[in-house]
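Have a look at the structure below, then the notes.
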Amino acid sequence: MSKSEPVKASNFIRNIIDEDVAAGKNGGQVVTRFPPEPNGYLHIGHAKSICLNFGTATRYNGRCNLRFDDTNPAKESEEYALAIKDDVTWLGFEWNELRHASDYFDELYEYACELIRQGKAYVDSSSAEEMREMRGTLTEPGIESPYRNRSIEQNLDLFSRMKAGEFNDGDHVLRAKIDMASGNINMRDPTLYRIRKVNHIRTGDKWSIYPMYDYTHCVSDAIENITHSLCTLEFEDHRPLYDWVLDNLKTPSHPQQIEFARLSLEYTMLSKRLLIKLVEENIVNGWDDPRMPTIIGMRRRGYTPEALREFCERIGITKNDAWIEMMVLEGCIRDQLNREAPRRMAVLDPIKVVITDLPADHEQRFTLANHPQDDTAGTREVPFTREIYIDRDDFAEVPPPKYQRLIPGGEVRLRSSYVIKCEEIIKDDAGKVVELRCTHDPDTLGKKPEGRKVKGVIHWVSATYGESAEIRLYNPLFNTPDPAKAESIEDAIDPESEIILSNCIVEPALKDAVAEQHFQFERIGYFVADRHDHSSDNLVFNRVVTLRDTWAK
RNA sequence: UGGGCCGUCGCCAAGCGGUUAAGGCACCGGGUUUUGAUCCCGGCAUUCGGAGGUUCGAAUCCUCCCGGCCCAGCCA
């Protein structure tokens, strides 16, 4: 330990919990929860919250529940709930208990009656528009509803009839009686319950009234004895209401809400509304499109749970409005795949190379290491023949300055093989290079050439043994760092965000690749066998990320 | 004179009255290298949004100012 170990940065939430634990608050227990609404797929921003909540519980030997915030049946579905469970599990976390806000609908109703009995809640029969008008503005106080002083008996009666389904959507709502002049708009008699005659994914048609988030969340937390309720900054203004509800009810506990900044990632959009739009308007190919910032999309792209967790570790937890650069995310997956991914050779845009001083039936098999720094990764056989393919990028008839690949009359090292020299260029009628005729130096296998330096090294694949493959290249979906601010989503989409190459040639060992297996295609980048489309008969690889490139390709 | 919150290196982020202001990403050198990758070594804030003040001593406490974010759903 001569070197300073990378110290994991502390954060303000940890500091708060450290103090609470030291003070013996909550009996020294730490209980958190991850509370998604099942109305869409989870994205990288949720991963931040998942890592925080589950990670915090683990750190303090506590527990973390997965709780579906299913209070708005019109927008929620079982498909989403299932996907969310899969995503959390795939990320590597286990919830202590699986709960639903709807598990507490009966208790929530009883607590609401209690608020009415205390004179702290009332049924308002104003329309939504009237309520909006009476709410006031950011700078002007609101005015009290004419229904605000109904008797407790009348409120109880009306509320029970709302529950019984006697009224239609919008006829009445239950409101907390707090302060219409509060500077905090959330405290201007917020709605607690609304009538919604729709089928709920779990309670079916049992209820015709559904509780609002602010009322449901704090009570659910309290029922589950959550100690630290971690949520994003936009709920800071809601905390007084969170505390108001719990201060006025005899709940099992009174959790502490702590807010942190949500994730903002450059060239990405993390608004559920806009992600749904991308899917519904077929701007992308579904929720798991490899360009999507959804967990399932990133999984298909080739990101790993480890890399996503590392990312959440690297970005930290604060209350700052921070924008994270893409490079941070890319660095996480590169680090892991550099350590773990076996190396292979793949040619994306093939040019045939004929090594003319080799007999037509020449055949050699090289045994190559799967990893240059890790012997335990084993080896594989790579055939070498008279005709091979190299990448079009690795040949230049008129090379740019400092180019160190193949040029007319020049030499280059074939990776793990011989040094070859380009003797002749063959073009088609359109002037496109279709073949290179080269000679090789037989005395350069495993050794440097005599009397000269050959700096460039390029990858290659045997023309006779290479397998054809489809390789999909991905770039950021958007052409601007903050697409949410773009004129329109359509304009912000980068048409080059997905490039499908269907004529690639890869080394034969790749025939054994299985879905979701990662590789480094040497000199190109990290790739993953597509989890849905790849098979041994139809090789399909997605580019996770390029190799770091200090040159400028 | 609406309420709430935030400002430490290009991007993140530790720091909590006494440290040479951590660390990561990025960047810039130099070395190794049959991946222009990896790896290694070195560099990278006399300064903490600004100005005052308190103090022997301030990024850390106080005051004012400047800049940015959130809130007017019967969404979460």
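Here is the naming used below: chain letters follow the sequence lines, and residue numbers restart at 1 for every chain.
Nucleotides A45(B) and A14(B) are separated by 14 Å at their C1' atoms, to the nearest Å. Look at the P atom in both G3(B) and C44(B): the space between them is 46 Å, to the nearest Å. Atom name C1', nucleotides C16(B) and U32(B): the rounded distance is 44 Å, in whole Å.
Counting any heavy atom pair closer than 4.0 Å across all strands shown, L445(A) reaches a base atom. Using a 4.0 Å heavy-atom criterion, one finds that T71(A) contacts the sugar-phosphate atoms exclusively. Looking at heavy-atom distances under 4.0 Å, E37(A) makes contact with sugar-phosphate atoms alone, never a base. Contacts of N11(A) with the nucleic acid, taken as non-hydrogen atoms under 4.0 Å apart, involve only primed sugar atoms and P, OP1 or OP2. Across all strands shown, R135(A) has heavy atoms under 4.0 Å from sugar-phosphate atoms exclusively, and none from any base.
Ion pairing between E224(A) and R33(A) fails under the 4.0 Å rule for side-chain N and carboxylate O.
Distance NZ (K319(A)) to P (A13(B)): 13 Å, rounded to an integer number of Å. Atom NE2 in H238(A) sits roughly 10 Å away from atom C1' in C75(B) (whole-Å rounding). Remark: C1' of C25(B) and CD of E313(A) are 14 Å apart, rounded to the nearest angstrom.
A donor-acceptor contact under 3.5 Å is formed by the side chain of R343(A) with the base of U35(B). Counting atom types as modelled, R239(A) pairs no side-chain N or O with a base atom of G4(B) as donor and acceptor under 3.5 Å. Between the side chain of R523(A) and the base of U35(B), no donor-acceptor pair under 3.5 Å is found. Residue-to-nucleotide contacts include no donor-acceptor pair under 3.5 Å from the side chain of D549(A) to the base of G36(B).
For N338(A), whose side chain is taken as the heavy atoms from C-beta onward, the closest listed nucleotide among C16(B), C75(B), U38(B) is U38(B). Of the candidate nucleotides G36(B), C12(B), A14(B), C12(B) has the atom lying nearest to any side-chain atom of W323(A). With distances taken from any side-chain atom of R548(A) to the nucleotides C25(B), A37(B), A76(B), the minimum falls on A37(B). Closest to the R196(A) side chain, of the nucleotides C16(B), A13(B), C74(B), is C74(B). The side chain of K402(A) lies closest to G36(B), out of C75(B), G36(B), A13(B).
Both the sub-6.0 Å distance and the 45° axial angle are not jointly satisfied by K319(A) relative to the ring of F260(A).
A glycosidic torsion no more than 90° from 0 defines the syn conformation, and G73(B) adopts it.
Between H238(A) and Y213(A), the ring planes lie perpendicular to each other; the angle is over 60°, past the 30° to 60° tilted range. The aromatic rings of W460(A) and F384(A) sit perpendicular, their planes meeting at an angle over 60°, well past the 30° parallel limit.
Note that CZ of R543(A) and CG of L473(A) are 4.5 Å apart. Values are rounded to the nearest 0.5 Å.
Phosphate proximity of C74(B) to R132(A): absent, as no side-chain N or O sits under 4.0 Å from OP1 or OP2.
Look at Y213(A) and the base of A76(B); the rings do not stack under the cut-offs of 5.5 Å between centres and 30° between planes.
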